[in-house]
Asker: 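The structure's right below; bear with me while I get my questions together.
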Amino acid sequence: MKSTLVTAAALAPLALLPLGLAAGPAQADPLPTTINFQCQATPPIGGAQTFTMALGVTGAAPSTAKTGDAVAITLTPAAMQVPATVSGHPLRSIRGIKLIMPVPADSTYVSSSVSGGTVTATVAQSAGKITLNAPGSTAAGATFTLPAVTVNLTASAVGTLTSTIAGTSYDDPGLTFTASVDSGTILGAVDVPVKCYPSPAPTLTTTTVSAGTPGGNPGGTPGGDSGSGSLGSGSAQLPWLQTLTGSAGS
């Protein structure tokens with residue numbers, strides 16, 4: 001596509017650069033969790049484009065709990081920087097970041113909250129899905145940090161309680177955002193919505209739940225099987241909103 005027209009392919013070099021790891025709860029032998037996404041961008045002109053991207057997440061949860069116990073899961077992002085240009089086009093901003101996590105099976109949702117971060121965001125649960133929503137706009141070149149999300153649950157059955165990222169298709173995404181890019185035409189800045197789903201769905205944290213008297217182990221024992229990682233773990237080319245590269249297609 002010529003440079004006078006912004007399409008999803010022109011978003012290929014878009015990256016949010018990691019600036020360090022945000023601290024999370026103490027864990028034993030934390031290991032990075034990288035989530036691979038299948039994504040679809042829909043420019044205002046031309047057909048939808050598909051590509052792959054990756055993100056990392058620091059997940060923390062108790063390794064064990066008993067039925068009836070409180071279980072807290074925390075996902076913590078790292079600081080990132082929005083690039084200034086995309087394929088020679090000035091990138092004005094990104095906005096409307098949403099990251100969705102299903103309420104884990106064999107648990108009862110109690111509450112959720114956000115903490116830290118440098119951008120305004122909320123978290124809410126509806127129809128079994130927990131959504132971190134950062135609706136504001138972050139300008140090109142700016143550094144920002146999404147807040148950590150803590151989800152409070154009650155273990156409701158013996159077994160394994162796991163957390164993951166939602167999404168099974170482009171119509172059922174687990175990660176969405178919008179990039180505003182100067183088109184180089186009379187159209188000025190154009191919005192390119194992006195929808196992604198994890199493939200395969202990751203396991204971010206694991207808590208083994210056994211039968212017992214409720215309250216005997218509130219919150220469980222931190223560490224052990226907790227999943228961990230960092231938003232942008234791996235290299236400067238694997239940030240939270242990873243370089244939109246890979247198999248860009250029609």
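Everything quoted here is computed from the prediction, not taken from an experiment.
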Asker: For the atom pair CG (L132) and OG1 (T122), what is the distance rounded to the nearest 0.5 Å?
Answerer: 7.5 Å
Asker: T131 side chain to N133 main-chain N or O, any donor-acceptor pair under 3.5 Å?
Answerer: no
Asker: Does some side-chain heavy atom of I73 sit less than 4.5 Å from a side-chain heavy atom of P104?
Answerer: yes
Asker: In the single-linkage hydrophobic clustering (I, L, V, M, F, W, Y; side-chain heavy atoms under 4.5 Å), do Y197 and I35 co-cluster?
Answerer: no
Asker: Short question: side chain of T76, backbone of A148 - any donor-acceptor pair under 3.5 Å?
Answerer: no
Asker: Run the side chain to side chain contact (heavy atoms under 4.5 Å, CB included) test on S93 and T138 for me, step by step, so that the C-alpha distance in whole Å, both residues' side-chain angles and the decisive distance to 0.1 Å come before the verdict.
Answerer: CA-CA 5 Å; S93 64; T138 301; 6.0 Å; no
Asker: Of all heavy-atom pairs between M101 and T164, which one has the smallest distance, and what is that distance?
Answerer: CG-O, 3.0 Å
Asker: Taking all heavy atoms of T178 and all of P193, pick out the closest pair and write down the distance.
Answerer: OG1-CA, 4.1 Å
Asker: Honestly curious: do V114 and L99 fall in one hydrophobic cluster under the side-chain, below-4.5 Å linking rule?
Answerer: yes
Asker: Of all the heavy-atom pairs spanning I165 and P198, show the shortest one and how long it is.
Answerer: O-CG, 3.6 Å
Asker: Which pair of non-hydrogen atoms, one from R95 and one from S137, has the smallest distance, and what is that distance?
Answerer: CB-CA, 3.8 Å
Asker: Run the numbers on T118 and F144 for side chain to side chain contact (heavy atoms under 4.5 Å, CB included), then give the verdict.
Answerer: CA-CA 6 Å; T118 61; F144 74 99; 3.8 Å; yes
Asker: Could you state the interatomic distance from CD1 (I97) to CG (L175), rounded to the nearest 0.5 Å?
Answerer: 8.0 Å
Asker: I'd like to know if the side chain of T162 reaches the main chain of T203, judged simply by a donor and an acceptor atom lying under 3.5 Å from each other, with no hydrogens or angles considered.
Answerer: no
Asker: Could you give the distance from NZ (K195) to CG (D172), rounded to the nearest 0.5 Å?
Answerer: 10.5 Å
Asker: Taking all atoms of both residues into account, what is the closest heavy-atom pair of T67 and V209, and its distance?
Answerer: N-CG1, 3.7 Å
Asker: Grab the two heavy atoms, one from S199 and one from Q38, that are nearest each other, plus how far apart they are.
Answerer: CB-CG, 3.8 Å
Asker: Hey, is the main chain of D106 close enough, under 3.5 Å, to the side chain of S156 for a donor-acceptor pair?
Answerer: yes
Asker: Could you give me the CA-CA distance, side-chain angles and deciding distance for I130 and V103, then say whether side chain to side chain contact (heavy atoms under 4.5 Å, CB included) is met?
Answerer: CA-CA 7 Å; I130 303 159; V103 174; 3.9 Å; yes
Asker: Can you tell me how far apart OH (Y170) and SG (C39) are? Round to the nearest 0.5 Å.
Answerer: 7.5 Å
Asker: Could you tell me the separation between the CG atom of L153 and the OH atom of Y109, rounded to the nearest 0.5 Å?
Answerer: 8.5 Å
Asker: Return the CG to CZ distance between D191 and R92, rounded to the nearest 0.5 Å.
Answerer: 10.0 Å
Asker: Side chains of T150 and T74: is there a donor and an acceptor less than 3.5 Å apart?
Answerer: yes
Asker: V119 and L75: same hydrophobic cluster, using ILVMFWY side-chain contacts below 4.5 Å?
Answerer: yes
